[in-house]
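Residue numbering restarts at 1 for every chain, and letters A, B, ... go by the order of the sequence lines. Source: prediction; values computed, not measured.
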Amino acid sequence: MPAPNQPVTMPRPDIGENTRADNRLGPVYNVICWNDPVNLMVYVTHVFRKVFGWDEVKARKHMLEVHEKGKSVLASEGLEKAEFYVHRLQQYRLHATMEPTE
Amino acid sequence: MKRIKSKPEVWVFRMQAAEVSQLKHLVGNYPMTPAAPAKISKTDTGEASREREQLLEDSLAAHRAELRQYTGFLMNAKHLKELKTCWRLTLTHEEREILLQMMNDIRVGCWQALGNPEDLYALSASHTARHYALVAFIHVAGFFEHHLIDAGIEEG
């Protein structure tokens, strides 16, 4: 038995693979926003906030990544949700695509 | 164009006659450019991806048609009113969002009509009056975008 101040390792809960609430049941897509010379930086930040519900700091971080590195992965989702995000982003006229992760 | 603070969720702008004229021209001629082919993926080119691309194009066309329905509404006397020395534009949160999307659609559409140039300021002997008109629309739409977004930031 460990001393009172020693950390204790708890046994891992038994969660079956098929009960995980993630995207392992189907292919996963990266939702990517690409840089272009026409969309204004303030507009891109505004759209990220609207579409993903992010705060100004997070939206601006991704906007700067798009601007400086040419692209930013905004989300990794299953088919339907990735498709939904790409539709929304393109409705705002951002250059966004969904790319399979494997 | 300058925002005048007023009730929450409603934005009121003071505008000069020249700005109103430009805004009316842009909104009145929306969408200005035809829809460009949409691409949903750069790497996935299978049959399923082509079907998804068609769905995307349909969705974008429907969205544009929806925005188009607001062109007359946004510029009517309820929203745009002439005062003694200037004009007043009043927009709800949703209307501001619609106008913002329209302006950006014009910007991107004109840029695509120019052939997606990296440098908007590059000059060429082959440039026509149409080319310079499209560049001007990009800048004017950007002017309105800036003011509409700044209004949102102030409110936030």
Side-chain angles (χ1 to χ4, degrees), chain A residues 26-51 53-60 63 66-67 70-102, chain B residues 31 35-36 38-46 48-49 51-53 55-64 66-67 93 96-97 100-112 114 116-122 135 138-139 141-153 156:
Chain A
V28 176
Y29 294 83
N30 284 334
V31 176
I32 299 175
C33 186
W34 304 86
N35 191 32
D36 64 51
V38 72
N39 277 298
L40 299 171
M41 291 163 85
V42 284
Y43 179 78
V44 175
T45 305
H46 172 83
V47 174
F48 288 170
R49 291 188 69 175
K50 280 273 165 196
V51 172
W54 293 340
D55 61 23
E56 175 75 17
V57 173
K58 185 170 182 183
R60 197 172 153 73
M63 178 279 292
V66 173
H67 182 66
K71 66 174 183 178
S72 179
V73 176
L74 306 177
S76 295
E77 296 286 354
L79 175 64
E80 282 187 20
K81 205 155 185 190
E83 208 170 15
F84 167 78
Y85 282 138
V86 172
H87 281 222
R88 290 271 288 151
L89 292 164
Q90 291 209 19
Q91 283 172 356
Y92 277 96
R93 300 304 305 264
L94 297 194
H95 185 187
T97 61
M98 51 192 275
E99 308 299 337
T101 53
E102 287 172 13
Chain B
K39 202 111 188 89
I40 201 157
S41 174
K42 283 177 185 273
T43 54
D44 190 357
T45 53
S49 184
E51 281 173 21
R52 287 200 283 275
E53 219 143 73
L55 277 177
L56 174 63
E57 287 194 354
D58 293 346
S59 149
L60 295 179
H63 186 69
R64 239 185 178 192
E66 199 183 323
L67 291 181
H93 178 81
R96 181 192 71 124
E97 194 63 27
L100 183 59
Q101 287 186 39
M102 255 184 222
M103 292 299 110
N104 200 63
D105 193 15
I106 289 170
R107 247 179 99 77
V108 177
C110 290
W111 175 69
Q112 288 174 330
L114 290 170
N116 304 3
E118 274 302 310
D119 183 4
L120 281 175
Y121 300 99
V135 172
I138 289 171
H139 289 300
F143 167 85
F144 290 117
E145 268 187 56
H146 260 298
H147 284 284
L148 290 167
I149 292 173
D150 284 345
I153 289 168

**OP:** Check the pair B:Arg52, A:Leu79 against side-chain contact (heavy atoms from CB on, under 4.5 Å), reporting the backbone distance first and the verdict last.
**Re:** CA-CA 10 Å; B:Arg52 287 200 283 275; A:Leu79 175 64; 3.5 Å; yes
Original post:
Would one find more than 12 heavy atoms of other residues, nucleotides or ligands at under 6.0 Å from atom CZ of A:Arg60?
Top reply: no
May I have the list of side-chain donor-acceptor pairs in residues 36-48 of chain A shorter than 3.5 Å, sequence neighbours left out?
residue	atom	partner	partner atom	Å
A:Asp36	OD1	A:Val38	N	2.9
A:Asp36	OD1	A:Asn39	N	2.8
A:Asp36	OD2	A:Asn39	ND2	2.8
A:Asn39	OD1	B:Asn104	ND2	2.8
A:Asn39	ND2	A:Arg93	O	3.1
A:Tyr43	OH	A:Tyr92	O	2.8
A:Thr45	OG1	A:Met41	O	3.0
A:His46	NE2	B:Glu97	OE1	3.0
A:His46	NE2	B:Glu97	OE2	3.1

Original post:
Could you state the interatomic distance from NE2 (A:His87) to CG (B:Leu56), rounded to the nearest 0.5 Å?
Top reply: 4.5 Å
Original post:
Who among B:Gln112, B:Lys42, B:Lys39, B:Arg64 has the most heavy-atom pairs with chain A under 4.5 Å?
Top reply: B:Lys42
Original post:
So what's closer than 4.5 Å to chain A heavy atoms on B:Leu67: side chain, backbone, both or neither?
Top reply: neither
Subject >> Which residues share a ring pair (Phe, Tyr, Trp, His ring centres under 6.0 Å) with B:His93, sequence neighbours left out >> reply: B:Trp11
Subject >> Heavy-atom pair of closest approach, residues A:Glu83 and B:Leu55 >> reply: OE2-CD1, 4.1 Å
Subject >> Between CD on residue A:Glu99 and CG on residue B:Asp44, distance to nearest 0.5 Å >> reply: 7.5 Å
Subject >> Whether B:Ser41 side chain and A:Met98 backbone form a donor-acceptor pair below 3.5 Å >> reply: yes
**OP:** Under 4.5 Å heavy-atom distance to chain B, tell me which part of A:Ala96 shows up: side chain, backbone, both or neither.
**Re:** backbone
